[in-house]
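Inspection log for the structure reproduced underneath, given as structure tokens.
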Amino acid sequence: MPVLASHRKPRTKVRTTTPAVGFTTAALASVTLLSTQSATAAPAEPKPAIEDVQKKVDELYRQAGSATQQYNRAKSASTAQRTKVDTLLSDVAKRTEKINEARRELGAYAAEQYRTGGIAPTATFFLADDPQAYFDQSRLMSRSTERQQKAVDDFRTQQAAASKKRAEAVQSLEKLTETQTALRSSKQNVQTKLTEARSLLSKLTAEEKARLAELERKKEAEAKEKAEKLAARQAAEAKEREEAEKKAREEAAKESGGDSGSGSGSGTGTSPGTGTGTGTGAGGSYAAKAEKVLAFARAQIGKPYVWGAAGPSSYDCSGLTQAAWREAGVTLPRTTWDQVEVGTRVATSDLQPGDLVFFYDDISHVGIYKGDGMMIHAPKPGANVREESIYYMPIYGSVRPA
């Protein structure tokens, strides 16, 4: 029987869309996590105020100045030690040559003795053709033996002296190594501080740099105002002294005129005049030196500050003061720490042109007082030698070098 065709309607396939649960869940979780992190993350560290940046940069420059003085001290010590080592090595070489000369002389004596042989004195006497000739030769040999003994003694002396000098040279070389290590360490310290300061300044915006410049101008104006007050006070005190001296001279003249007929009056009139003349002479001597110092310092204005430099094209602070006072015939040490110990301490109110003014508690900076509350100094990296108020930095103290 034939197969009957099916009259059932084909079933239509319906496509259903199911959400990608895994992906959607992960996405939602990520959004939630990011939202949570954003909400709980620590706020960005606020940018420091420009005033704080100024203080930090000034402090870094001060620390760099102190490190510069450490570098200068280590460099001076290294130079002195190198000179000492060279002198000792030269001395050792000379003594070694003397030892070699003594050794050659001893060798000659030894060779002579080997050639002549060692014959007993009695045998030599009996074998001699002329007894008198034997005695003459004996005396000659005696003197020869004395020369040989002296040569031996000289050799031993030179050998001991050379050994001592060689030991001193070894110790000096070890000391030189230590000072050179300190020199490298100080140099690295200076560079680190300056790099940090430059890094801070490089991060400032144009607006912040303008604000920083304004703060610097304000600081300079305040320091200048203090300098003007000091200048006015010093001028007033000088005028008072001048008037007092004038009055004293007038009174002395009156007394001298009233007692002109007496011997005692004449003596009284001479005495004050002698005293005044001596004082003026001493002050004039210092003033003459100070004039040379300031003339030199003014000629350096505009030259760059370079740490560790002592001229002639650039200077650090103590390098400038050392070079300036050298012009007046006064030798100052290299560092601020040593310069502050030279001469006589003076109060700020008693400053005279040429005096050295030191700054900060660590005495890491120095300038040359020029009068009217102002100084000439090599300020810091990036700046040139210039005139500035002594009140721009905290004053440690002052000295009169000569």
Side-chain angles (χ1 to χ4, degrees), residues 67-121 123-124 133-191 307-312 316 318-319 322-323 326 329-335 337-339 341-342:
T68 296
Q69 297 308 313
Q70 292 174 349
Y71 171 85
N72 290 339
R73 175 173 284 180
K75 186 176 181 180
S76 296
S78 180
T79 301
Q81 196 63 31
R82 166 55 66 186
T83 301
K84 183 178 180 180
V85 167
D86 290 344
T87 301
L88 285 170
L89 291 177
S90 176
D91 188 83
V92 167
K94 292 177 181 177
R95 291 180 183 276
T96 300
E97 179 58 30
K98 289 182 179 180
I99 288 175
N100 291 336
E101 290 177 3
R103 184 179 287 112
R104 284 192 291 270
E105 187 175 358
L106 289 176
Y109 284 131
E112 180 65 24
Q113 186 175 8
Y114 176 78
R115 285 194 298 270
T116 57
I119 304 176
T124 304
Y134 165 78
F135 287 115
D136 293 341
Q137 185 179 12
S138 178
R139 285 194 297 271
L140 180 63
M141 291 299 295
S142 176
R143 288 195 296 270
S144 177
T145 302
E146 290 175 0
R147 288 196 301 271
Q148 291 179 14
Q149 185 61 46
K150 184 177 182 303
V152 171
D153 292 342
D154 288 344
F155 175 78
R156 289 173 177 172
T157 300
Q158 294 294 341
Q159 195 174 39
S163 178
K164 182 180 179 181
K165 288 296 180 182
R166 192 176 291 109
E168 290 180 14
V170 170
Q171 292 177 350
S172 292
L173 282 170
E174 292 174 353
K175 183 67 176 177
L176 177 61
T177 301
E178 292 175 6
T179 57
Q180 288 177 335
T181 300
L183 186 64
R184 287 192 295 269
S185 176
S186 299
K187 183 176 181 179
Q188 182 61 46
N189 195 13
V190 173
Q191 292 172 335
W307 64 271
D316 63 19
S318 56
Q322 184 188 49
R326 188 187 300 122
V330 176
T331 301
L332 293 181
R334 181 62 180 90
T335 71
W337 303 324
D338 295 323
Q339 289 180 7
E341 300 296 333
V342 176

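Just so it is clear, the values below take in all heavy atoms, side chains as well, and ignore hydrogens, waters and symmetry mates.
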Approximate separation, where rounding is to 0.5 Å, of [X] [atom1] and [Y] [atom2]:
X	Y	atom1	atom2	result
Q171	K84	CD	NZ	8.5 Å
R73	L183	CZ	CG	13.5 Å
T335	Y71	OG1	OH	14.0 Å
Q180	K75	CD	NZ	12.5 Å

Salt bridge check: are R334 and D338 linked by an N-O gap of less than 4.0 Å?
->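 No.
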
Less than 4.0 Å between a side-chain N and a carboxylate O, is that true for K164 and D91?
->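 Result for this pair is no, no salt bridge flagged.
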
Return the minimal non-hydrogen interatomic distance between A77 and T179, and the atom names on each side.
->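 Of all heavy-atom pairs spanning A77 and T179, the closest is CB-CG2, 4.1 Å.
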
At their closest point, which heavy atom of A323 faces which heavy atom of A310, and how far apart are they?
->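 Minimum heavy-atom contact is CB-O, 4.4 Å.
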
Who are the side-chain hydrogen bond (donor to acceptor under 3.5 Å, both in side chains) partners of [X], not counting sequence neighbours?
X	answer
T181	R184
R326	none
Q188	T192
Q322	none

Would you find a donor on one side and an acceptor on the other, under 3.5 Å apart, between the side chain of S76 and the backbone of N72?
->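 Yes, because the side chain of S76 sits within donor-acceptor range (under 3.5 Å) of the backbone of N72.
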
Might you work through the side chain to side chain contact (heavy atoms under 4.5 Å, CB included) test for W307 and Q69, ending with a clear yes or no?
-> CA-CA 9 Å; W307 64 271; Q69 297 308 313; over 6 Å; no

S318 and Q339: side-chain donor and acceptor closer than 3.5 Å?
->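 No, Q339 and S318 have no side-chain donor paired with an acceptor closer than 3.5 Å.
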
Can N189 and S186 be counted as having a side-chain donor-acceptor contact under 3.5 angstrom?
->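 No, S186 and N189 have no side-chain donor paired with an acceptor closer than 3.5 Å.
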
Listed partners of V342 passing side chain to side chain contact (heavy atoms under 4.5 Å, CB included), at least two apart =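 Expected list: L332, P333.
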
Please identify each residue that fulfils salt bridge (charged side-chain N to carboxylate O under 4.0 Å, His left out) with E97, with sequence neighbours left out.
->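 Counting only residues at least two positions away or on another chain, E97 forms a salt bridge (charged side-chain N to carboxylate O under 4.0 Å, His left out) with R104.
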
